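Note sheet for the following structure.
Whatever order the structure lists ligands and atoms in, that order sets their numbers, starting from 1. Fair warning: this is a prediction, and the values are worked out from it, not measured in the lab.
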Amino acid sequence: MVKILATDGLHQDGITLLHEAGYTVDVKKVEADQLPNVMPDYDVVIVRSATEIRQALIDQCPNLKIIARAGVGLSNIDVEYAREKGITVMDTPAASSKSVAELVFAHMFSISRNLHLAHREMKQRGGSEFKEMKEACSHGLQLNNRTLGIVGFGRIGREVARIGVGLGMKVMPVDLVVDEADIGINVYNSGNVRLSVRLDTYEWEEVLANSDYLTIHVPFKGGKAIIGAEEIAQMKDGAVLINTARGGAIDEDALLDALNSGKLSGAGLDVYENEPMPRQELMEHPKISCSPHIGASTLEARANIGLELADKILAFFGD
Ligand code: NAD
């Protein structure tokens with residue numbers, strides 16, 4: 001019988017699927033110092049980002065067949081070493097794409113209608129200053145007819161494009177590898193409405209120069225920022241930058257300079273160079289709409305992650 005340890009939790013839908021196949025699933029938090037004692041009993045360990053699975057731990061688990069990451073990103077796992085040892089490493093990259101894409105628009109709406117400011121001001125100042133607050137937050141912009149640049153036209157980039165097209169935005173994707181034949185997207189496929197579109201392909205410089213909103217969806221792994229001072233200088237005055245990919249993909253010093261000088265009019269950030277302690281200047285900045293790395297944190301994404309992982313584990317064991 002297959003024994004699974006889910007040390008950082010797993011959605012009930014995934015657990016149910018595995019139970020139905022007769023697998024044992026123990027959902028319990030095991031502290032790092034106890035993992036070498038507990039993990040050798042299991043065929044599969046499921047973690048999120050909180051648990052590290054390094055070489056020394058892998059060496060102590062000769063029966064381990066799968067290390068599964070509930071979510072995206074394998075930086076907490078020694079992937080190559082595990083694979084050398086014949087262990088399969090899997091994650092669920094597709095499960096949260098729609099949730100991340102919706103958060104992009106939450107930030108875009110927040111910035112374009114000053115919602116982040118309005119919310120803070122109304123809580124702090126109270127009803128007696130309603131007229132002043134209305135005045136301060138009343139310079140809103142519509143997203144309709146604006147240009148949306150998407151850097152990285154993968155799973156999330158495509159979901160962002162769908163919503164952007166639905167809002168009547170001009171969508172300009174740019175990717176290192178997307179070719180002419182790969183640029184069609186299904187915008188809607190629900191009920192009696194089915195709509196597909198083909199997008200034109202664009203060069204990096206064109207996207208930088210024309211975007212009113214520029215959103216990043218590349219798997220940034222550190223090093224030079226994708227958007228730094230040089231790229232911001234090429235952008236339209238008053239543009240808005242959104243980063244839900246990884247901290248550091250946008251250079252935070254360059255972003256603050258551009259917001260303070262008025263070159264950029266706003267930013268939406270879900271990820272930061274320093275997590276879990278982002279710079280205070282970013283948190284307090286009136287032109288930034290912030291969220292604490294919650295792109296994948298929806299009920300639906302969690303359920304999808306549980307189901308996708310359960311499917312992959314069942315397929316591995318031939319069930
Ligand atoms: P994906 O692999 O499906 O797509 C990434 C695309 O970026 C690929 O098409 C690739 O060719 C392209 N690309 C890579 N480098 C590029 C560059 N320099 N310029 C242009 N294009 C480039 O990835 P995805 O599933 O869409 O995820 C994108 C990012 O979202 C990842 O960084 C991931 O870590 C992040 N993410 C964040 C959250 C969150 O909670 N905020 C949740 C899930 C994923």
Of all the non-hydrogen atoms in the protein, which one sits nearest to atom 32 (O) of ligand 1, and at what distance?
Val218 O, 2.9 Å
In terms of heavy-atom contacts, does CD of Glu275 have more than 12 from other residues, nucleotides or ligands at under 6.0 Å?
yes
In the protein, what heavy atom is nearest to atom 35 (C) of ligand 1, and what distance, to one decimal place, separates them?
Ala245 O, 3.6 Å
Tell me: protein heavy atom nearest atom 23 (O) of ligand 1, and distance?
Arg155 NH2, 3.7 Å
Output, in order, the C-alpha distance, side-chain angles, deciding distance and verdict of side-chain hydrogen bond (donor to acceptor under 3.5 Å, both in side chains) for Ser49 and Asn76.
CA-CA 6 Å; Ser49 56; Asn76 53 323; 6.0 Å; no
Neighbour count above 12 (heavy atom, 6.0 Å) for Lys134 NZ
no
Does some non-hydrogen atom of Pro219 fall short of 4.0 Å from ligand 1?
yes
Check: Ile227 and Ile216 side chains under 4.5 Å, non-hydrogen atoms
yes
What's the shortest distance from atom 6 (C) of ligand 1 to any protein heavy atom, and which residue and atom give it?
Asp175 OD2, 3.5 Å
Counting non-hydrogen protein atoms only, what is the nearest one to atom 37 (C) of ligand 1? Give residue, atom name and distance.
Thr244 O, 3.1 Å
Give the numbers and elements of all ligand 1 atoms closer than 4.0 Å to a heavy atom of Val177.
11 (O)
For ligand 1, which atoms sit closer than 4.0 Å to a heavy atom of Val100?
38 (C), 42 (C), 43 (C)
Note: Ile156, heavy atoms under 4.0 Å from ligand 1, region reported as both
Which pairs count as ring-ring contact (aromatic ring centres under 6.0 Å, His included) when at least one residue sits in residues 276-319, sequence neighbours excluded?
Tyr23-Phe317
Per-atom contacts, ligand 1 versus Asp270 - under 4.0 Å to a heavy atom:
39 (C), 40 (O), 41 (N)
Heavy-atom check, side chain of Leu148 versus side chain of Phe105, under 4.5 Å:
yes
Is Arg54 salt-bridged to Asp78, going by a charged N under 4.0 Å from an acidic O?
yes
Nearest non-hydrogen atom to atom 21 (N) of ligand 1 belongs to which of Leu176, Val104, Val151?
Leu176
In ligand 1, the atoms that come under 4.0 Å of a heavy atom of His217 are 5 (C), 6 (C), 7 (O), 28 (C)
Atoms in ligand 1 with a heavy atom of Ala296 nearer than 4.0 Å
40 (O)
At a non-hydrogen distance cut-off of under 4.0 Å, which region of Arg246 contacts ligand 1 (side chain, backbone, both, or neither)?
side chain
Below 4.0 angstrom, N of the basic side chain to O of the carboxylate: do Lys312 and Glu308 qualify?
yes
Which residue and non-hydrogen atom of the protein lie closest to atom 4 (O) of ligand 1, and at what distance in Å?
Gly154 CA, 3.2 Å
Shortest non-hydrogen separation from Thr298 to Ser99 and the atoms involved
OG1-OG, 2.7 Å
Whether over 12 other heavy atoms sit under 6.0 Å from Arg113 CZ:
no
Which atoms of ligand 1 sit under 4.0 Å from any heavy atom of His293?
39 (C), 40 (O), 41 (N)
